[in-house]
Protein chains: 4
Amino acid sequence: MTATERFQRLKPEKKEKIVATAIDEFARYGFRQASVNRMARLTGIAKGSLFQYFGTKEGLFRFIFDHAVELIRRNLRRVKAETADQDFFERIRSSLLAGVSFIRKHPHIYQIYLKMLFQEDFPFRDEFLQKIRLFSAEYLTPLVEKGMADGDLRPDLDVHLVVFTLDAVMDRFLQAHCVPFLDGNAGLFQAPPERVEKQVGDLVDFLRRGLGAEQPSGRR
Amino acid sequence: MTATERFQRLKPEKKEKIVATAIDEFARYGFRQASVNRMARLTGIAKGSLFQYFGTKEGLFRFIFDHAVELIRRNLRRVKAETADQDFFERIRSSLLAGVSFIRKHPHIYQIYLKMLFQEDFPFRDEFLQKIRLFSAEYLTPLVEKGMADGDLRPDLDVHLVVFTLDAVMDRFLQAHCVPFLDGNAGLFQAPPERVEKQVGDLVDFLRRGLGAEQPSGRR
Amino acid sequence: MTATERFQRLKPEKKEKIVATAIDEFARYGFRQASVNRMARLTGIAKGSLFQYFGTKEGLFRFIFDHAVELIRRNLRRVKAETADQDFFERIRSSLLAGVSFIRKHPHIYQIYLKMLFQEDFPFRDEFLQKIRLFSAEYLTPLVEKGMADGDLRPDLDVHLVVFTLDAVMDRFLQAHCVPFLDGNAGLFQAPPERVEKQVGDLVDFLRRGLGAEQPSGRR
Amino acid sequence: MTATERFQRLKPEKKEKIVATAIDEFARYGFRQASVNRMARLTGIAKGSLFQYFGTKEGLFRFIFDHAVELIRRNLRRVKAETADQDFFERIRSSLLAGVSFIRKHPHIYQIYLKMLFQEDFPFRDEFLQKIRLFSAEYLTPLVEKGMADGDLRPDLDVHLVVFTLDAVMDRFLQAHCVPFLDGNAGLFQAPPERVEKQVGDLVDFLRRGLGAEQPSGRR
DNA sequence: CATGAATGAGTATTCATTCAT
DNA sequence: AATGAATGAATACTCATTCAT
């Protein structure tokens, strides 16, 4: 029986406590500075048990990370489905709003992603970053391709460049909800919902002017 | 005699070795996980000596950080001066190209900045981030304000939002030269110079369409 | 579970070895110069384990110190009770004999007290000295007060001065059993029991002449 | 040329600064915790020079200690000569007052002596303690012997015991001017001169009652 | 002779991991 | 299966001593 299988057999209550504590720990301290000791103390579970469930600290992190990726992936899939009939820029707007709402619900998960992105010092980093590619690779690229096919986007644009730009702006917009300094005085961090909606609106208008086809597709 | 004065008296050769090693170490591991032991081993310098030069690990980091900020600041000042008579978007183009070239010359310095941004747990973080604000606060904001005054930018735009967007796109564009994953398949990472020039051109065109005034200011 | 609780669960054999080694170390070197490394080496116990048991070096010292104070306090309480019906000077004699016998049984404990007294540079010194005051404050002062009330002591004496003198002489007499030099050639250090009894007798006679009431109280 | 000879050739001004700083350092921190680094910094003299003058930290301490012993010895010799014609208890009184005044003038020297007495952990301790014996051995013993020969002291007393007792009480009385805790609430520490004189008087009266011959020698 | 840079073994403390119970 | 005691290599930092300048 593999290590994580052992974990899966635990009572849901216990599993959730472990997951919540570990997410919190990794979000707060990153991988190396996270302390299994502390997680054991906070969950009230024996250190030895954690190692039985996950083998190593890395195993625990893998599990938490996969868990987080799965959450995000589910969220994206849902947004994709729910907005399938919308105009390209409406979908971007919905995506951003969904992103903000996801971050507010799971504040630590985005932080783990950011920690991962800029901490090179742990061995399995590349493997993890592959999994994160999903945002632009699985989500954004098809969305842009469809947008161009539908005539929502200017036909002369380079798909890669559009994806890159959208990824940059959207990611930064979301980062600004976790990392105060990054909001460039725009007051995004923990802004009230109506203010966020306004900001998203402005941002999407700006994107539409830069990327949108001259005459709107008329749909919607 | 203060600690760093002692360092300044060393032979240039030795100083450079220490600086290079320390930059590499902090870029790779961030502040907390960076190891003075390792730096001593890698430079071949006694641990005690490093502490004589810089007092503490924090002192060493401060020195390296100030060194980096100074490099960046000088670079920005030079670009600003050299492009004073250019149109707003030309200045952005020049800035990006200068940024890319700076990163290629000092590959680890941008990484240190990124580490700082997303590692929240060390004591003097805020103090250091203040120093970094200079990019958007001292550099970008005045540039945008002048751009609007000159009629290069659309007059109805919100300065904060423009700064935020430029900062996001430019920062991400530069990040993509340090963090392979972030280039969104655009192939920016270590791309040959001509390719970079093309990418910068496309990006600036896109920005001009989104932000530029209907009729160009005529200057240049 | 607190740190010291962990220690208490160890096998008695191991606990004793640790306590004995630590008492020896602190007696020999005082607090600052005592080395946890050395204690680990001498006990054959991993350094990490000692820190699991006591948290910090200070924690270890606190434990040892409280242990010592408890031993002394128990001893004093016992002597007090057993001599309750004796004449004042008999009680002093009994106290001295009990002190000598205690020091012979626990040779390092008195040394720790002396180290504390004259090493001023560690942080929690005052807190610990408060605990030691018990000898003169809790023990000697009431004893002298009762002695005066019973008419064993000359009524014109100042209580403070008597306590001071008794404390000085008795403390020095006991010190002379730890610190060879202090016996002033009187040969007290590790003297055979019968010689100690003689010395104590002479000392008490001297005290009685200096402090005793002209006509003995008649009791006993 | 020996190490200390090198020191002796320095300008008096420099020598005094070094001696004063070293006395202060050893009094404050004891031998092991004293830092040559700190002394070098405080004197403004290069660390290397201190080692040239004294060879090792131990050599420096030896020098300081001998210096201190010489000061004390000179003081005792002077008191001895000046009180040669006094009654025994008057000499004790004079000695105590001289001791208090010496401690007030050289507050750190007595502290060094106390540190030495109770710190066993340095190699040359016994050698140093031999030198301190002088107080009871060279000073007090002859004084007591003369006192008995002159009939100031009761003839049935044991010289060693008298020396021991006097040493204990007088030493403790002086300690109480350095170590607040030891004054047993008698308020000796930094007491005003007139109060000290009163305390000394009471103490000597007490000693006279305990040790003095029934009928005073009539001398003086 | 004076200097102070260089050294390296020393300090307390942490923590992922193992393993006997 | 669960536990938590034991481990030891790692961390930042200090300091007496040496030695080339």
Side-chain angles (χ1 to χ4, degrees), chain A residues 1 6-7 9-10 14 31-41 44-61, chain B residues 1 5-7 9-11 14 31-40 44-60, chain C residues 1 5-7 9-11 14 31-40 44-60, chain D residues 1 6-7 9-10 14 31-41 44-61:
Chain A
M1 173 174 41
R6 233 169 244 152
F7 171 74
R9 294 196 191 163
L10 298 178
K14 204 171 186 178
F31 177 72
R32 289 310 252 262
Q33 284 294 319
S35 156
V36 179
N37 271 350
R38 198 161 27 207
M39 290 189 249
R41 202 188 327 121
I45 286 166
K47 220 189 319 181
S49 300
L50 290 177
F51 279 90
Q52 280 209 336
Y53 303 151
F54 301 105
T56 60
K57 185 186 184 182
E58 178 180 327
L60 172 53
F61 184 73
Chain B
M1 176 172 38
E5 278 170 21
R6 226 170 245 156
F7 172 74
R9 293 191 192 171
L10 299 180
K11 279 183 276 185
K14 204 170 187 176
F31 177 73
R32 289 297 261 260
Q33 279 303 314
S35 156
V36 180
N37 278 2
R38 195 161 33 207
M39 291 189 247
I45 287 168
K47 217 189 320 182
S49 300
L50 290 178
F51 280 94
Q52 282 216 24
Y53 303 151
F54 302 105
T56 59
K57 184 186 180 182
E58 179 178 329
L60 172 51
Chain C
M1 177 173 38
E5 278 170 22
R6 227 171 244 155
F7 171 74
R9 293 193 192 170
L10 299 180
K11 278 184 278 182
K14 204 171 188 175
F31 178 73
R32 290 296 260 263
Q33 280 303 316
S35 158
V36 180
N37 277 1
R38 196 161 31 207
M39 290 189 247
I45 287 168
K47 219 187 319 183
S49 299
L50 290 178
F51 280 93
Q52 283 217 24
Y53 303 150
F54 301 105
T56 60
K57 184 186 181 182
E58 180 178 329
L60 172 51
Chain D
M1 176 172 39
R6 232 170 242 151
F7 170 74
R9 294 196 192 164
L10 297 178
K14 204 172 186 177
F31 177 72
R32 290 310 253 261
Q33 283 296 317
S35 157
V36 179
N37 271 350
R38 198 161 27 206
M39 290 188 247
R41 203 190 324 120
I45 286 166
K47 220 188 322 181
S49 300
L50 290 179
F51 278 91
Q52 279 208 337
Y53 303 150
F54 302 104
T56 60
K57 185 186 184 182
E58 179 181 325
L60 173 52
F61 184 73

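Numbers restart at 1 for each chain; the letters A, B, ... are given by sequence-line order, proteins then strands.
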Peer 1: Can you name the atoms? Protein N/O to nucleotides 19-21 of chain E N/O, anything below 3.5 Å, with the distance.
Peer 2:
none

Peer 1: Please give me the minimum heavy-atom distance between A40(B) and A46(B), naming the atom from each residue.
Peer 2: CB-C, 4.3 Å
Peer 1: If you look at every strand shown and take non-hydrogen atoms under 4.0 Å, does K11(C) touch a base, only sugar-phosphate, or nothing?
Peer 2: nothing
Peer 1: Could you summarise the pairing of DNA chain E as dot-bracket text, marking Watson-Crick and G-U pairs under 3.5 Å with ( ) or [ ] inside the strand and | across strands?
Peer 2: .||||||||||||||||||||
Peer 1: What is the distance from CD of E58(C) to C1' of dT11(E), rounded to the nearest Å?
Peer 2: 16 Å
Peer 1: Which residues pass the side chain to side chain donor-acceptor pair (under 3.5 Å) test with K47(D), not counting sequence neighbours?
Peer 2: N37(D)
Peer 1: Please report the interatomic distance CG(L10(B)) to CD(Q52(B)), rounded to the nearest 0.5 Å.
Peer 2: 10.0 Å
Peer 1: Calculate the interatomic distance between R38(D) atom CZ and dA16(F) atom C1'; express it in whole Å.
Peer 2: 13 Å
Peer 1: Please report, rounded to the nearest Å, how far the C1' atom of dC15(F) is from the CZ atom of F31(D).
Peer 2: 13 Å
Peer 1: Is A34(A) touching bases, backbone alone, or none of the nucleic acid, heavy atoms closer than 4.0 Å?
Peer 2: sugar-phosphate
Peer 1: Between dA16(E), dT11(E), dA2(E), which nucleotide gets closest to the side-chain atoms of L10(D)?
Peer 2: dA2(E)
Peer 1: Could you check which of dA12(E), dT17(E), dG8(E) has an atom nearest any side-chain atom of V36(C)?
Peer 2: dA12(E)
Peer 1: Going from CG on L60(A) to CE on M39(A), what distance comes out if it is rounded to the nearest 0.5 angstrom?
Peer 2: 5.0 Å
Peer 1: Checking all strands, does K47(A) fall into the base, sugar-phosphate, or nothing category for heavy-atom contacts under 4.0 angstrom?
Peer 2: base
Peer 1: Between T56(B) and S35(D), which is nearer to the 5' end of DNA chain F once each is assigned its nearest nucleotide?
Peer 2: T56(B)
Peer 1: The criterion is side-chain contact (heavy atoms from CB on, under 4.5 Å); which residues satisfy it with K57(C), sequence neighbours excluded?
Peer 2: F31(C), A34(C), V36(C)
Peer 1: For residues Y53(A) and K14(A), determine if any side-chain heavy atom of one lies less than 4.5 Å from a side-chain heavy atom of the other.
Peer 2: yes
Peer 1: Of the options dA1(F), dA16(E), dT7(E), whose atoms approach the side-chain atoms of I45(B) most closely?
Peer 2: dT7(E)
Peer 1: Round to the nearest Å and state the distance from K57(A) atom NZ to dT14(E) atom C1'.
Peer 2: 11 Å
Peer 1: Between R32(D) (CZ) and dG10(E) (P), how many Å, whole number?
Peer 2: 12 Å
Peer 1: Over how many whole Å does the gap from F7(A) atom CZ to dA2(F) atom P extend?
Peer 2: 12 Å
Peer 1: Let me know, please, whether L50(C) or S49(B) comes out on the 5' side of the other along DNA chain F by nearest nucleotide.
Peer 2: L50(C)
Peer 1: Has Y53(D) got a side-chain N or O lying under 4.0 Å from the OP1 or OP2 atom of dC1(E)?
Peer 2: no
Peer 1: With F51(B), which residues qualify under ring-ring contact (aromatic ring centres under 6.0 Å, His included), at least two apart?
Peer 2: none
Peer 1: May I have the distance from F54(A) (atom CZ) to dT18(E) (atom P), rounded to whole angstrom?
Peer 2: 16 Å
Peer 1: Please determine whether a side-chain nitrogen or oxygen atom of R6(B) lies at a distance below 4.0 Å from atom OP1 or OP2 of dA5(E).
Peer 2: yes
Peer 1: Please enumerate all residues that pass salt bridge (charged side-chain N to carboxylate O under 4.0 Å, His left out) together with R38(C), with sequence neighbours excluded.
Peer 2: E25(C)
Peer 1: Expressed as a whole number of angstroms, how long is the span from M39(C):CE to dG10(E):P?
Peer 2: 16 Å
